[in-house]
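Just the heavy atoms: all of them, side chains too, but no hydrogens, waters or symmetry mates, feed the values below. As the structure is a prediction and not an experimental result, all values here were calculated from the model.
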Amino acid sequence: MINENLILETINMIKLYNLDIRTVTMAISLRDCMDSDVDVVCGNIYKKITHYAKNLVEYANEFENEYSIPIVNKRISVTPISLVGEACKNPDYVKIAKTLDRAAKDVGVNFIGGFSALVEKGCTKGDKLLIESIPEALAQTERLCSSINVASSKAGINMDAVLKMAETIKKSAEVTKDKDGLGAAKLVVFCNSPGDNPFMAGAFCGIGEPECALNVGVSGPGVVRAAVASLPDDASLSELANKIKQTAYKITTTGELVGRKLADKLGIPFGVIDLSLAPTPAEGDSVAGIFQAMGLEHAGAHGTTACLAMLNDAVKKGGIMASSHVGGLSGAFIPVSEDAGMIEAAENGYLTFDKLEAMTSVCSVGLDMIAIPGDTPVDTIAGIIADEMAIGMINKKTTAVRIIPVAGKTVGDEVVFGGLLGKAPIMSVNNLSSAKFVRRGGRIPAPIHSLNN
């Protein structure tokens with residue numbers, strides 16, 4: 001069903017508007033790596049990852065050259081490690097984390113995800129040990145990413161886990177304060193986390209996934225912005241939506257073609273294509289720029305949430321016609337530090353924390369890559385997480401929180417991570433206390449629409 005001639009239509013998109021395949025992520029099941037001895041587990045993990053992923057970077061580079069389409073990131077996701085390490089008599093999750101990091105380095109990928117646990121209804125011993133090890137694990141590794149699912153539309157919100165993750169985020173930032181809290185930038189808290197997401201920091205290989213598969217994340221906010229900007233100023237919103245759908249179809253076709261051919265060469269199944277528009281700090285590669293092309297003065301203006309809702313819907317409608325296997329997150333990301341337009345909006349005060357939270361009701365993920373004052377209380381962070389989990393739970397969508405409480409910095413300061421992680425102003429948060437509420441413990445029950453069997 002893929003017409004390779006469509007690839008020719010993307011040349012200008014690549015050269016002028018930053019079209020790229022944002023990531024090819026090899027998902028590897030580690031369920032058969034379990035053992036009672038943690039050293040055996042580490043040996044099994046290293047052997048399996050290096051076996052399956054040994055040619056991932058080489059082959060991806062070959063296809064990048066063959067089709068002249070940038071493949072920006074080559075990554076790996078694995079089975080939630082809380083499950084893999086739980087069988088050990090002497091569990092040492094930091095040792096496993098270092099093994100994952102070493103395997104990732106040796107095969108040449110930039111990130112490996114799956115230092116994860118699914119705790120929306122409660123924690124096992126392995127889950128607790130993994131969560132407690134996260135700050136040290138992220139501080140002692142370079143490529144490791146971690147994610148914890150604390151809520152779902154079926155189970156409700158595990159508030160004990162929410163509070164624990166707030167403490168973990170704070171500690172992860174503190175132990176990496178020499179890098180402006182970089183540990184917290186590689187840690188995300190989810191509601192309704194998908195097991196086939198190719199994007200970091202939330203990627204892991206879900207328990208329903210095959211032995212190994214290749215998931216692809218395409219991107220192209222610059223392409224969509226240019227397409228919208230090409231329409232006359234009096235074009236209707238219906239015309240805008242159709243133009244976005246047509247553009248999303250072409251972007252997705254490109255990613256599907258390269259993803260399937262790369263999977264075939266690697267000898268593994270093609271998993272899913274994630275349709276998300278993932279911005280970068282590069283000029284012109286901004287989701288916020290799309291809002292301006294639609295007619296807003298800047299991101300943060302009244303109407304921003306409506307623009308984002310239309311964009312998300314049109315991207316999905318156009319992309320799903322180009323692929324039989326759409327998955328992951330799919331839509332549009334709004335990370336503050338990774339989007340040049342969002343950075344500018346936050347710096348100028350156009351974009352507030354509350355406005356960002358409202359936008360997460362219709363975006364792909366949630367509160368993403370937001371820097372906050374280092375002295376923000378744990379209870380406040382827990383309240384932020386709880387609010388975002390509630391949006392996901394009620395709306396039956398994935399939501400997430402990736403915030404960085406930067407030690408020693410306050411509102412008006414700036415943090416610079418570099419590369420795709422970009423930079424961000426320190427944003428203010430509400431100073432009212434959430435302590436009594438978030439420390440009640442227990443679970444917020446699932447909504448009535450969870451009873452849909």
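- Within 6.0 Å of the CD1 atom in Ile320, the count of heavy atoms belonging to other residues, nucleotides or ligands does not exceed 12.
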Exercise for review: Test Glu62 against Lys261 for salt bridge (Lys or Arg N to Asp or Glu O under 4.0 Å), laying out the working first.
Suggested key: CA-CA 11 Å; Glu62 288 179 8; Lys261 286 186 174 293; over 6 Å; no

Point to revise | Glu357 vs Glu388, side-chain contact (heavy atoms from CB on, under 4.5 Å): CA-CA, chis, key distance, verdict | key: CA-CA 7 Å; Glu357 184 179 297; Glu388 195 59 29; 4.0 Å; yes

Practice item. Run the numbers on Leu130 and Ile148 for side-chain contact (heavy atoms from CB on, under 4.5 Å), then give the verdict. Key: CA-CA 10 Å; Leu130 180 132; Ile148 307 294; 3.8 Å; yes

Point to revise | salt bridge (Lys or Arg N to Asp or Glu O under 4.0 Å) between Lys423 and Glu338, worked out | key: CA-CA 7 Å; Lys423 65 175 184 175; Glu338 299 174 8; over 6 Å; no

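- Here SG of Cys191 is found 12.5 Å from CD1 of Ile385. Values are rounded to the nearest 0.5 Å.
- Nearest heavy-atom pair, Leu262 versus Ala60, reported as atom, atom and distance to 0.1 Å: CD1-N, 3.8 Å.
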**Study point:** Asn73 vs Asn110, side chain to side chain donor-acceptor pair (under 3.5 Å): CA-CA, chis, key distance, verdict
**Key:** CA-CA 7 Å; Asn73 299 296; Asn110 68 322; 2.8 Å; yes

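- Put simply, the side chain of Lys355 reaches to within 4.5 Å of the side chain of Thr304, judged on heavy atoms.
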Check your understanding: Can you check salt bridge (Lys or Arg N to Asp or Glu O under 4.0 Å) on Arg260 and Glu256, steps first, answer last?
Key -> CA-CA 6 Å; Arg260 286 192 178 277; Glu256 177 101 350; 2.8 Å; yes

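- Environment of NZ in Lys171: sparse, with no more than 12 heavy atoms of neighbouring residues, nucleotides or ligands closer than 6.0 Å.
- Leu144 contributes atom CG, which lies 8.5 Å from atom CD1 of Ile81 (distance to the nearest 0.5 angstrom).
- Other residues, nucleotides and ligands contribute over 12 non-hydrogen atoms within 6.0 Å of the CD atom of Glu66.
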Practice item. Check step by step if side chain to side chain donor-acceptor pair (under 3.5 Å) holds for Asn158 and Glu120. Key: CA-CA 5 Å; Asn158 181 351; Glu120 56 266 30; over 6 Å; no

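- With a 6.0 Å radius and a threshold of 12 heavy atoms from other residues, nucleotides or ligands, Lys177 has its NZ atom at or below the threshold.
- Other residues, nucleotides and ligands place more than 12 heavy atoms under 6.0 Å from the NZ atom of Lys397.
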Point to revise | Derivation and outcome, side chain to side chain donor-acceptor pair (under 3.5 Å), residues Ser153 and Asn192 | key: CA-CA 7 Å; Ser153 297; Asn192 294 323; 3.1 Å; yes

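- Between Ala346 and Val336, the shortest heavy-atom distance links the atoms CB-CG1, 4.1 Å.
- A distance of 8.0 Å separates OG1 of Thr360 from CG of Leu356, quoted to the nearest 0.5 Å.
- Looking only at side-chain heavy atoms (C-beta outward), Pro279 and Pro335 come within less than 4.5 Å of each other.
- At a threshold of 4.5 Å between non-hydrogen side-chain atoms, the residues Ser172 and Thr168 count as touching.
- In terms of heavy-atom proximity, Leu214 sits nearest to Ala263 at CD2-N, 3.8 Å.
- Around the NZ atom of Lys121, the shell of radius 6.0 Å holds no more than 12 heavy atoms that belong to other residues, nucleotides or ligands.
- What you find for Val216 and Gly259 is that their closest heavy atoms are CG2-CA, 3.7 Å.
- Between Leu83 and Ile207, some side-chain heavy-atom pair lies under the 4.5 Å cut-off.
- For Thr176 (side chain) and Lys179 (main-chain N/O), no donor-acceptor pair under 3.5 Å exists by modelled atom type.
- Within 6.0 Å of atom CD in Glu142, 12 or fewer heavy atoms from other residues, nucleotides or ligands are found, so the atom counts as exposed in its surroundings.
- Remark: Ser323 OG to Leu275 CG distance equals 7.0 Å, nearest 0.5 Å.
- Residue Ala424 comes nearest to Ala371 through the heavy atom pair CB-CB, 4.3 Å, listed as atom of the first residue, atom of the second, then distance.
- From Phe63, atom CZ reaches atom CD1 of Ile21 across 10.5 Å, with rounding to the nearest 0.5 Å.
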Practice item. Determine, stepwise, if the pair Ser276 / Asp274 fulfils side chain to side chain donor-acceptor pair (under 3.5 Å). Key: CA-CA 6 Å; Ser276 297; Asp274 188 317; 2.6 Å; yes

Exercise for review: Dump the intermediate steps for side-chain contact (heavy atoms from CB on, under 4.5 Å) on Phe204 and Asn197, then the final yes or no.
Suggested key: CA-CA 7 Å; Phe204 66 90; Asn197 164 26; over 6 Å; no

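- Within the 4.5 Å cutoff, the side chain of Ile131 has heavy atoms near those of the Met165 side chain.
- Heavy-atom minimum distance, Thr305 versus Val362: O-CG2, 3.7 Å.
- When atom types are taken as modelled, the side chain of Thr380 and the backbone of Thr376 share no donor-acceptor pair closer than 3.5 angstrom.
- Ring pair Phe199/Phe333: centre-to-centre distance below 6.0 Å.
- Considering NZ of Lys54 and CG of Leu266, their distance stands at 11.0 Å, rounded to 0.5 Å.
- Annotation: side chain of Ile273 is not in contact with side chain of His325 (no heavy-atom distance under 4.5 Å).
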